[in-house]
Amino acid sequence: MRDALTVLVSATIIPLSAPTPRRHRRLTSSTTTTKPRPKPNPKTNPQVSTYSPFLTSSPWDNRQSLKYYTEVASKLAENGRFEDFLMILESVVASEVKPSEFLDLLNAKNVASGIVRVIGESKLTSDVEMLFNGVRKLGIEPVQLFDGVSMELLRGECSRLLKCGEVEQLVSLMEILSGFQFQIKELVEPSDVINLCISKRDPTAAIRFAQKFPHAEMLSCSIILDFGKRRDMLSAVTAFEASKQNTSSPNMHAYRTIIDVCGLCGDHLKSRIIYEGLLAGNFIPNIYVINSLMNVNSHDLTYTLDIYKKMEKLGVPADITSHNILLKSCCLAGNVGLAQDIYSQIRKLESEGALKLDVFTYSTMIKVFADAKKWRLALEIKEDMVSSGVIPNTVTWSSLISACTNAGLTDQAMRLFDEMLQAGGQPNSQCFNTLLHACVESCQFDRAFRIFQCWKEKGFQQTITGQMRVTSRPYSLMTVRLPFRPTATTYNILMKACGTDYYRAKALMDEMKTMGLSPNQISWSTLIDICGGSGNVVGAIQILRSMRESGIQPDVITYTTAIKICVEHKKPKLAFMLFGEMQKYQIKPNLVTYNTILRARNRYGSLQEVQQCLAVYQHMRKAGYKPNDYYLKQLVEEWCEGVIQSEHQDKSQFASRLVEFEPQSLFLEKVTKHLQDSAESLSVDLRGLTKVEARIVVLAVLGMIKENFIAGNSIKDDVSIVLGEQQLSSHVDMDASGVNEAVIKLLHHDLGLHVYAAGRDKRNGIISSLKLEEVIERSDSQQTSASPTRRPVVLQRLKVTKESLHRWLRRTGSSTR
DNA sequence: ATAGGGTTAG
């Protein structure tokens, strides 16, 4: 092909105008030599015109030869030989032929195919740019080389690149073309290119492309936001940084957008850093930037308040939106008082004409009170609103209904719904959901289904008259549009309304699917709850399995629900199995989970069960949850006390199966240690424990002693209990002193053991033995800041006599032997 | 260009 062309060029040029041999060489050099050629440049090569074939036949009388040369040029271009093409063009221009004549004769399609070929060969920037620059230098705009057909070719290439996802090629091409007056819109759909860049996670290319448009700032923002919507913070920030490149003053719109994206991606701190960067550059943010920043950080009232206070100093006065966001922040923080203060403050500003409260303000305040169960105050806000002439919208009504629902006022909620309809309010799905939830909360399940049925029957875009009322109050000529669009939430709420009717709930879940809705974690958790609640524990666990199989990952609540079911149906083994499964799937239990599983053991359960509970307790502490004395107390009462006192327990192999605790918590370490120790020379170390923990440890040791006694090993020594240093300052450590009292109460009063104190007098270092009465007395005197005459004894250890232990063992142990 | 409402476990 190339050779054929060489022949063509050689054959045509020589007879026509007798170009110099040099010229000839240059024209064909690309096929005959690999040596770099000098660039043709009319300015530095004045002889170009001298060699122009057209000059020899001036004035131009040979249209045929122009046509011929143009054809050659077209062919050269088609083969990507742009330099040669340019040289012919140079000659044409130099011979004072009008470019339009050349262009008329040019086979535009050939040129376009050449360009398309070069694009395909990825020589885009070097070759095409060279061609276009060359053409432009000769006074022709490159876009003029294209006619309708060739433009279509180019468009085809663009869609090919788009289809193949050649982001870099496509964007580079667009950059070149837009630099030469091509209309990008006529070649590709700009949004297609941007979407490709986004789907290929190429923020830089997206922004490069966007910058070729007059509305680049707006496009950049939508790109940043799109990445944010995909939760791709990194790309969003890259796009944001790229969009900052060619601008001297910052684009506040972009700042606002990236801050919103931080919110979408849950990176509140990043939004603060971006904002601080803006301030550090001595730029004044606009109101949108500040409002977005506050909104993204609305979960941190301290921060939003701080920003709000600084607004005035920045010279950006807070507007109603700023205040609304601040109210939202109060709402999230549950700070009703501050919300009320702000509300009255802005009401005052409104009376001065400085602000105008809007529907957001009132709705947010209503939500503040709704969450705080202050339904009366919520209704008062509604009155404020109406008297200010602000019309409640669906959100306002929903929040009002919620306020009543949260306060348990179902009928009031219903009345509000009626009121909304009468006021011309159009309920939507969320509003219906609120209403349905009100019914469910008050266990008016039938009512919930009736409302749902009504909603359903009125169907899509139908009007109803009077029949929608949910109270007894009749009204006529009511026209309400009720597009029936239940959401997943609707079905979830209705599932709850099934009580323990598992099959009904299951049917609802199926209906949900036929409505094109996917059951979510809440749907499945509810189904598990209902199935278990109907007594079918195994079924509940099977549902948990189906849930995973259907691609929905169970979450903490799902597992906690399932565990609750097992606990309620006295299946501790299953409960612990599920708890273990959670670890396997790396689902972190929360406080509710721990408290639920801790209820799993039965009263007077086996040692293994207790050990499992202790392991859970340890797990809990490890996870950073505060030791829950309440459940530990239950452990004491329901197990440890049982070990000591009960006649009904299973006494077998008490000390044989010992759980292997990791010594993470002091308490568990001690329980473990004492449970594992042999019965010889027992010393119980209670230092650092709370009184409840101390109680368990003491009981565990006693249980141990008892087991050994039953096995025939009786105790040979008094049992020593190390209490630890007591502080003598006026700041008595309440926990530590509580330990002494609790232990003494347990041993002496509850179990009737004989206890004496081995105290070490700090002054003379004598170990003194005291009777219990004295122990208590001195213990008291420590707490009430010792009298000067009686120095308090620094209690270090108690002893329990082996005789009293023997008596106790015979008394309680014999009955079960 | 900004902001708001509904459902699950102890």
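In what follows, chains are A, B, ... by sequence order, proteins preceding strands, each numbered from 1.
Comparing B:dG10, B:dG4, B:dA3 by their closest approach to the side chain of A:Glu568 singles out B:dG10. Considering only the side chain of A:Thr434, B:dG6 comes nearest among B:dT8, B:dG6, B:dG5. Ranking B:dT8, B:dG6, B:dA3 by closeness to the A:Thr526 side chain, first place goes to B:dT8. For A:Asp358, the listed nucleotide lying nearest its side chain is B:dA3; candidates were B:dA3, B:dA9, B:dG10. Side-chain proximity of A:Lys564 to the nucleotides B:dG10, B:dT7, B:dG4 is greatest for B:dG10. Minimum atom distance to the side chain of A:Val359 is reached by B:dG4, of the listed B:dA3, B:dT7, B:dG4. When distances run from any side-chain atom of A:Val592 to the nucleotides B:dA3, B:dA9, B:dG5, the shortest one goes to B:dA9.
Listed by first and then second residue, the salt bridge (Lys or Arg N to Asp or Glu O under 4.0 Å) pairs that reach into residues 309-318 of chain A are A:Asp306-A:Lys310, sequence neighbours excluded. Here salt bridge (Lys or Arg N to Asp or Glu O under 4.0 Å) pairs that include residues 364-378 of chain A, with residues two or more places apart or in two chains, are A:Lys367-A:Asp371.
Note: CZ (A:Arg256) to P (B:dA3) measures 6 Å, nearest angstrom. As a whole-Å value, the separation of A:Met420 CE from B:dG5 C1' is 11 Å. As a whole-Å value, the separation of A:Lys367 NZ from B:dA3 C1' is 14 Å. Across the protein-nucleic acid pair, A:Asn520 atom CG and B:dG6 atom P stand 16 Å apart, rounded to whole Å. Protein atom CG of A:Asp319 is 10 Å distant from nucleotide atom C1' of B:dA3, rounded to whole Å. As a whole-Å value, the separation of A:Phe360 CZ from B:dA3 P is 8 Å. One atom, CZ of A:Arg485, and another, P of B:dG6, lie 18 Å apart when rounded to the nearest Å. Note: CG (A:Leu508) to C1' (B:dT7) measures 13 Å, nearest angstrom.
Residue A:Ser429 is classed as having no contact, given no heavy-atom separation below 4.0 Å to the nucleic acid. The residue A:His253 sits close to a base: some heavy atom pair falls under 4.0 Å. In this structure, A:Cys221 reaches neither bases nor backbone, as no heavy-atom distance under 4.0 Å exists between it and the strands shown. Looking at heavy-atom distances under 4.0 Å, A:Ser363 makes contact with a base. At the heavy-atom level, A:Ser525 lies under 4.0 Å from base atoms of the strands shown.
Considering A:Asp267, A:Val296, A:Ile259, A:Asp300 in turn, A:Asp300 is the only one that fulfils the side-chain contact (heavy atoms from CB on, under 4.5 Å) rule with A:Arg272.
Under the salt bridge (charged side-chain N to carboxylate O under 4.0 Å, His left out) criterion, A:Lys328 pairs with no residue at all, not counting sequence neighbours. Taking A:Arg545 as the reference, A:Glu581 meet the salt bridge (charged side-chain N to carboxylate O under 4.0 Å, His left out) condition, with sequence neighbours excluded.
In this model, the phosphate group of B:dT2 is not approached by any side-chain N or O of A:Lys328 to a distance below 4.0 Å at OP1 or OP2.
Side chain A:Asp260 to base B:dA1: no donor-acceptor pair is found below 3.5 Å. For A:Asn393 against B:dG4, a side-chain N or O and a base N or O form a donor-acceptor pair under 3.5 Å. On a pure distance criterion of 3.5 Å, no polar donor-acceptor pair joins the side chain of A:Asn324 and the base of B:dG4. In terms of polar N and O atoms assigned as donor or acceptor, the side chain of A:Ser399 never comes within less than 3.5 Å of the base of B:dG5 in a complementary pairing.
Neither side chain, A:Thr526 nor A:Ser523, offers a donor N or O lying under 3.5 Å from an acceptor on the other.
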Quiz: residues 495-508 of chain A side-chain donor-acceptor pairs under 3.5 angstrom, not counting sequence neighbours:
unit_1	atom_1	unit_2	atom_2	d
A:Asp501	OD1	A:Tyr503	N	3.4
A:Asp501	OD1	A:Arg504	N	3.1
A:Lys506	NZ	A:Asp510	OD1	3.2

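Residues A:His323 and A:Tyr308 place their aromatic rings such that the two centres sit under 6.0 Å apart.
Geometrically, A:Arg548 engages A:Tyr585 in a cation-pi contact defined by less than 6.0 Å to the ring centre and at most 45° from the axis.
Of the residues in residues 284-291 of chain A, those lying under 4.0 Å from DNA chain B by heavy-atom distance are A:Asn286, A:Tyr288, A:Asn291.
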